[in-house]
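Order of the sequence lines sets the chain letters (A, B, ...), proteins ahead of strands, with each chain counted from 1.
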Number of protein chains: 2
Amino acid sequence: MTTITQVAKRAGVSTKTVSRVMSNYPHISSKTRLKVEEAIQELTFAPVSVARHLRLTEPLSIGMLYGDPSSGYQARLNHAVLKACSDARRYLAVELFDEAGTDWVRQVEMFLDRTHVRKMILVPPLCDSTEVHQLLDDRGVSYVLISPSRAVLGSVAITMDDRLASKEITEHLLALGHRRIGHISGHPDHVVTLLRRQGFEEAMARAGLANPAHMFVESGRFQFRESLVSAEKLLSAPRLPTAIFAANDEMASAVVMAANRQGLRVPDDLSVAGFDDSPIASAMWPDLTTVSQPFEAIGRSAIETLADTSGGPGGASQMIVLPHRLIMRASTGPARTDLS
Amino acid sequence: MTTITQVAKRAGVSTKTVSRVMSNYPHISSKTRLKVEEAIQELTFAPVSVARHLRLTEPLSIGMLYGDPSSGYQARLNHAVLKACSDARRYLAVELFDEAGTDWVRQVEMFLDRTHVRKMILVPPLCDSTEVHQLLDDRGVSYVLISPSRAVLGSVAITMDDRLASKEITEHLLALGHRRIGHISGHPDHVVTLLRRQGFEEAMARAGLANPAHMFVESGRFQFRESLVSAEKLLSAPRLPTAIFAANDEMASAVVMAANRQGLRVPDDLSVAGFDDSPIASAMWPDLTTVSQPFEAIGRSAIETLADTSGGPGGASQMIVLPHRLIMRASTGPARTDLS
DNA sequence: TTGTATGCGTTATCAG
DNA sequence: CTGATAACGCATACAA
């Protein structure tokens with residue numbers, strides 16, 4: 001193990017000077033800097049992060065707690081945040097918390113004490129806990145909210161525009177000539193359920209199709225099986241929709257399965273669109289037209305925001321809306337004119 | 001921020017005694033312990049982990065590096081390891097590494113220096129790098145291998161028995177009366193591909209069905225689309241198989257889709273089994289009969305193994321094989337007698 | 001521009 | 001069973 005002392009000895013300078021070089025202190029003679037850098041190279045010195053953290057006023061670690069294990073959403077977010085940390089030379093202290101346990105505040109509190117982090121990323125559902133916000137404010141810990149249900153005064157939220165994305169994907173279907181379109185919506189408890197449905201309805205309304213003859217909505221609760229039932233209902237109506245937009249990919253894949261069962265071909269007889277660009281979307285055939293959540297950008301933006309926060313919290317409220325991406329794939333196609 | 005000194009003062013003991021209580025040191029009078037515990041409660045003291053790490057001879061942190069972001073496998077393993085750490089009061093230092101970068105050793109080296117960890121969990125593909133093993137041995141870092149391609153002399157590997165599981169799932173199909181069974185195998189570069197295929201073939205051989213009239217094998221490369229093609233090939237043969245076992249769930253779901261397209265009902269006309277118990281297995285309908293990898297056990301076992309390693313590496317080679325679980329769901333059923 | 005001395009919060013050593 | 005003191009590796013006043 002190489003320590004700063006050894007480097008100092010090797011370079012013939014004091015530890016402080018080595019420290020200065022490591023942290024890019026400007027006022028340092030280029031000769032000294034060179035010597036030190038050489039020594040660092042030769043001894044392959046890397047500062048031990050725990051020791052820095054103990055002394056540092058502005059810690060380099062950022063904390064994140066998450067609950068739901070099975071969530072593909074969380075897995076992808078984790079990865080994006082980890083990547084962003086790596087790029088920004090920060091460290092992520094990530095731990096699980098017990099979502100079922102009622103004492104969220106206590107759990108966060110202990111996490112803060114243990115890890116010493118003074119910056120946190122709050123993901124759903126933790127980002128919606130007023131008590132947790134209070135705790136962090138009291139402790140002077142700055143934080144960003146990822147996709148919170150509602151904006152929180154004095155803090156930064158990072159999210160995407162679900163309503164707009166849904167509107168756009170519906171407009172895409174309309175542009176393909178579809179006039180009778182179904183929507184399978186998510187779980188009523190999730191905020192995005194409403195937003196995605198609103199986007200759909202808004203697009204239909206603009207096209208003058210917001211009426212029972214053209215617009216059909218069923219609930220799928222974000223689940224495959226519920227969606228299968230809903231899709232079968234939509235596909236057994238006297239006049240079939242020619243396209244169905246489901247509020248997530250899992251439900252969209254159920255729609256494809258329901259269609260196949262009825263002998264309908266996707267996209268020839270029925271266009272199907274999803275949301276999320278989850279792994280399943282590209283794993284199935286036809287692969288799904290869907291919306292890609294900007295995970296990478298969200299991660300990067302979260303780290304940047306936290307890195308910038310020079311002072312504590314209590315800054316201006318801010319809502320950073322990151323651009324999503326529509327992904328056109330094989331599950332959507334032009335409406336059949338003979339049916340329209 | 002509460003420190004150990006404050007707790008000590010409050011309890012009227014030395015800091016060392018508080019430290020002893022925190023780490024469950026056995027030889028301590030119950031009266032003293034009680035006093036200290038009270039003080040800890042009252043001041044809500046939580047030891048700062050970085051400070052402990054700086055002093056501790058046996059670090060409580062365990063390192064893990066992983067590459068592939070999109071992998072559902074890795075996401076579930078991450079979670080299991082994190083859970084195990086939490087239960088064992090250990091901390092996980094997890095970072096991404098650049099799988100595409102050639103200098104794996106250098107990356108591991110820097111990670112070691114930064115984090116100070118002296119125990120590591122090596123997951124695929126890092127667990128198969130001889131150079132990395134060498135580095136860790138040289139540095140006296142102990143490590144466990146998760147599902148390595150081959151055993152490594154002098155180190156502990158944790159894995160499951162893919163061959164046995166495949167054999168069992170095939171036997172399950174045989175027990176249901178199926179005689180003509182297809183197998184869709186994985187990517188030829190993965191070790192498990194061979195193992196899972198062997199298990200299948202072994203079961204068929206035992207049943208006296210290892211011949212072209214009863215046993216069909218196609219490659220699916222672990223991908224949905226490849227599997228779809230393979231399944232269509234199997235389902236367009238003159239004599240159809242009555243069951244298909246795919247080497248992962250993604251491919252199995254492709255089989256279900258192919259069957260639906262041909263107007264075959266699952267499981268009435270065709271039984272389908274998968275492998276992995278990935279989210280998709282329970283998200284589809286019929287939900288998949290599959291094999292559940294023992295993620296939780298793997299995580300726990302890895303942490304326990306590392307926690308036990310009193311000395312450095314160089315212990316005896318050991319292969320810990322954890323029991324998997326067969327999950328019977330709706331995608332498999334009795335063979336139709338009129339077809340058999 | 002550089003060096004010295006001190007302390008971050010905790011545990012290890014060694015003595016009581 | 002308990003306590004005083006040094007030390008972990010690094011960064012920061014303060015001094016030079």
Select one nucleotide: of D:dA7, D:dC10, D:dA4, the one nearest the side-chain heavy atoms of B:Ser14.
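Minimum distance to the B:Ser14 side chain belongs to D:dA4.
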Taking C:dC8, C:dT10, C:dG3 as options, the one with an atom nearest any side-chain atom of A:Leu54 is C:dC8
Quick one: on DNA chain D, does A:Arg20 or A:Thr2 contact a more 5' nucleotide (nearest heavy atom)?
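Its nearest nucleotide being more 5', the pick is A:Thr2.
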Report yes or no: is there a donor-acceptor pair, N or O only, under 3.5 Å between the side chain of B:Arg55 and the base of D:dG9?
no
Measure distances between side-chain N and O atoms of B:Lys16 and base N and O atoms of C:dA12, and say whether any donor-acceptor pair falls under 3.5 Å.
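Looking at the base of C:dA12, it does pair with a donor or acceptor on the side chain of B:Lys16 (distance under 3.5 Å).
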Whole angstrom value for the distance that separates [atom2] of [N] from [atom1] of [X]:
X: B:His53; N: C:dT11; atom1: NE2; atom2: C1'; answer: 13 Å
X: A:Tyr91; N: D:dC10; atom1: OH; atom2: P; answer: 12 Å
X: B:Leu43; N: C:dG9; atom1: CG; atom2: P; answer: 15 Å
X: B:Gln6; N: C:dT10; atom1: CD; atom2: C1'; answer: 14 Å
X: B:Ile4; N: C:dC8; atom1: CD1; atom2: P; answer: 14 Å
X: A:Arg118; N: C:dC8; atom1: CZ; atom2: P; answer: 16 Å

Checking all strands, does A:Val18 fall into the base, sugar-phosphate, or nothing category for heavy-atom contacts under 4.0 angstrom?
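No contact.
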Checking all strands, does A:Val13 fall into the base, sugar-phosphate, or nothing category for heavy-atom contacts under 4.0 angstrom?
sugar-phosphate
Does [Y] offer a backbone N or O that forms a donor-acceptor pair with the side chain of [X] under 3.5 Å?
X: B:Thr17; Y: B:Val13; result: no
X: B:Trp104; Y: B:Glu99; result: yes
X: B:Lys119; Y: B:Leu306; result: yes

Would you indicate whether the side-chain heavy atoms of A:Val21 and A:Tyr25 approach each other to under 4.5 Å?
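A side-chain contact under 4.5 Å is absent here.
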Do B:Leu112 and B:Leu136 come close enough that some side-chain heavy atom pair is under 4.5 Å?
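Counting from C-beta outward, B:Leu112 and B:Leu136 do come under 4.5 Å.
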If only side-chain N and O atoms of B:Thr17 are considered, is one of them under 4.0 Å from the OP1 or OP2 phosphate oxygen of D:dG3?
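It does, given that an N or O in the side chain of B:Thr17 lies less than 4.0 Å from OP1 or OP2 of D:dG3.
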Please state whether the phosphate of D:dA11, meaning OP1 or OP2, lies under 4.0 angstrom from any side-chain nitrogen or oxygen of A:Arg52.
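For D:dA11, OP1 or OP2 has a side-chain N or O of A:Arg52 closer than 4.0 Å.
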Proximity to DNA chain D (any heavy atom under 4.0 Å), residues of residues 22-34 of chain B only:
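Residues of residues 22-34 of chain B that come under 4.0 Å of DNA chain D are, in numerical order, B:His27, B:Ile28, B:Ser29, B:Thr32.
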Ring centres under 6.0 angstrom apart (A:His79, A:Phe295)
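So the answer is no for these two rings.
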SB check A:Arg10 A:Glu42 (cutoff 4.0 Å)
yes
